[in-house]
2 protein chains.
Amino acid sequence: MATSSKATSSKAASIKAASIKAASIKESALSKGARSRARVIAAAANLLQRRGYNGTGISEILKASATPKGSLYFHFPGGKEELTIAALKESGTDFGDKLRLLITPETSPGHALQIASGALAQELVSSGFEKGCPLATVTLEAAAASESIRQTCEEQFRGWHELIEAMLVARGLPATDADEFAVTALSSLEGAMLLCRAYRSTEPLEKVGKQLRRMAEHLLASHDVNERRA
Amino acid sequence: MATSSKATSSKAASIKAASIKAASIKESALSKGARSRARVIAAAANLLQRRGYNGTGISEILKASATPKGSLYFHFPGGKEELTIAALKESGTDFGDKLRLLITPETSPGHALQIASGALAQELVSSGFEKGCPLATVTLEAAAASESIRQTCEEQFRGWHELIEAMLVARGLPATDADEFAVTALSSLEGAMLLCRAYRSTEPLEKVGKQLRRMAEHLLASHDVNERRA
DNA sequence: AAGAAAATATAACGACCGGTCCATTACTGT
DNA sequence: ACAGTAATGGACCGGTCGTTATATTTTCTT
């Protein structure tokens with residue numbers, strides 16, 4: 001696996017999406033190339049989440065997305081590494097979007113974290129404990145071998161981290177406390193997903209979700225007490 | 001990879017370890033076969049921790065342990081899967097032993113957890129962020145594909161879990177609370193090791209270690225208060 | 001309608017994978 | 001010393017890996 005990342009993906013095709021006769025009623029407004037590109041990325045993201053980097057073969061991705069080999073290397077000249085990076089970015093933003101939906105002014109941070117735990121457990125169960133964190137397996141496998149993959153994983157993790165942190169800051173928690181708690185929350189959710197797959201049980205996620213809710217509530221409450229006192 | 005685990009390892013060679021002329025001064029008291037068996041397991045454990053299951057080739061393990069292929073399949077008729085299980089068990093008990101050393105009547109649970117975080121961070125740094133949890137990568141890769149590997153990972157994780165839980169119960173914490181906190185502690189340490197590898201920084205482990213110490217102290221303190229009140 | 005570019009399709013490549021086989025060598029109990 | 005087994009040393013297998021090369025078809029521009 002190359003450590004350099006000079007490969008440039010061809011995304012030129014998608015810039016002029018809505019042309020004159022783009023009034024095709026049901027079909028997506030993307031060009032054919034962009035569509036098969038998206039199809040391959042989706043298949044890669046799914047398989048990477050289930051079987052990891054080394055456990056997912058190029059041919060498997062192509063079969064799952066009904067795409068011939070030649071097309072892959074047209075859309076992703078950088079090969080497996082470039083495709084993986086694109087898939088990780090998609091998985092990362094998808095997960096971030098779902099997380100964002102949970103964070104509303106009406107929902108307390110503790111509650112949001114517990115809901116998130118439940119949603120993660122739900123996805124584990126409905127996939128036969130195959131779909132855990134979309135980044136974790138690839139991170140552990142490839143972070144040491146490919147610097148560009150490692151950087152991508154870091155970016156996505158940091159995005160999630162910041163979402164949790166911002167949710168706490170919005171409640172008036174000092175940035176330092178919010179950051180430290182956010183790292184712990186993210187870590188324990190990641191670790192819990194790992195244990196759930198090892199145990200084939202959602203028990204770790206449930207217990208961690210409960211703990212996180214209690215911790216968040218306690219943290220915000222004691223902060224408020226200090227504020228009032230000052 | 002076979003899901004069945006009918007393979008039986010040949011450990012017949014090691015039962016008669018100390019023979020008459022076992023007075024060989026420096027050499028280990030193990031038979032030659034047992035020694036190369038241990039060598040292969042150690043090399044496999046090391047490589048599995050660094051590169052995972054799919055990322056570690058049989059030939060790589062053999063080269064690292066200076067062992068020919070024929071020997072492997074003599075000692076481990078079950079092939080890669082059986083060798084992996086043996087390596088995971090060794091890694092798991094090694095880690096458990098280190099953890100046990102940290103747990104003394106003089107050390108508070110919170111302090112022990114923070115020390116453990118520091119030790120994990122130290123190993124990450126000294127291995128160039130290659131050596132994280134010896135089970136995590138293999139769990140995520142192979143738990144879904146091989147039931148026997150999954151079971152081995154579960155056993156080892158549960159062993160660590162029980163160590164943490166027992167440490168808390170020894171301080172008078174109710175079993176339910178101790179169990180829930182132990183899962184959270186183990187989860188957050190596992191997740192923190194993952195984030196450390198993604199970030200190439202020990203920062204997550206340090207913050208989680210700090211949080212765990214505070215949480216453990218708060219948990220034990222509030223329990224003591226309740227006890228006194230009752 | 002013609003030409004260029006984008007995209008697809010297939011075949012084949014060399015390297016390496018985990019595993020099998022078997023002849024040979026080292027050890028051990030009698 | 002000798003028999004019998006434990007253990008080693010490699011050659012070799014079919015299969016799959018990621019990648020490359022090239023011919024063809026589709027799509028867009030003019």
Rounded interatomic separation in angstrom, taking NZ from A:K63 and C1' from C:dA9: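 Whole-Å distance recorded here is 17 Å.
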Atom-pair distance (CZ on B:F74; P on C:dT25), nearest Å: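 So the two atoms are 18 Å apart, to the nearest Å.
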Can you list the residues that meet the salt bridge (Lys or Arg N to Asp or Glu O under 4.0 Å) rule with [X], with sequence neighbours excluded?
X	answer
B:E130	B:R50
A:E123	none
B:E155	none

Which atom pairs, donor and acceptor, lie under 3.5 Å between side-chain atoms of residues 158-168 of chain B and protein residues at least two apart or in another chain?
residue : atom : partner : partner atom : Å
B:R158  : NE   : B:E154  : OE2          : 3.0
B:R158  : NH2  : B:E154  : OE2          : 2.9
B:W160  : NE1  : B:G92   : O            : 3.1
B:H161  : NE2  : B:E165  : OE1          : 3.3
B:H161  : NE2  : B:D179  : OD1          : 2.9

Letter per nucleotide, 5' to 3', of nucleotides 11-23 of chain D [B base touched, S only sugar-phosphate touched, - untouched; heavy atoms, 4.0 Å]: ------SBBB---
Below 4.0 Å: OP1/OP2 of C:dT8 and any side-chain N or O of A:H75: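 Yes, such a contact exists.
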Short side-chain N/O contact to D:dT8 OP1/OP2 from B:S36, under 4.0 Å: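 Answer is yes, contact under 4.0 Å.
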Partners meeting side-chain contact (heavy atoms from CB on, under 4.5 Å) with B:S126 (sequence neighbours left out):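 B:S126 satisfies side-chain contact (heavy atoms from CB on, under 4.5 Å) with B:Q122 once adjacent residues are dropped.
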Note, B:I61 side chain near B:L48 side chain (heavy atom, < 4.5 Å):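 Not in contact.
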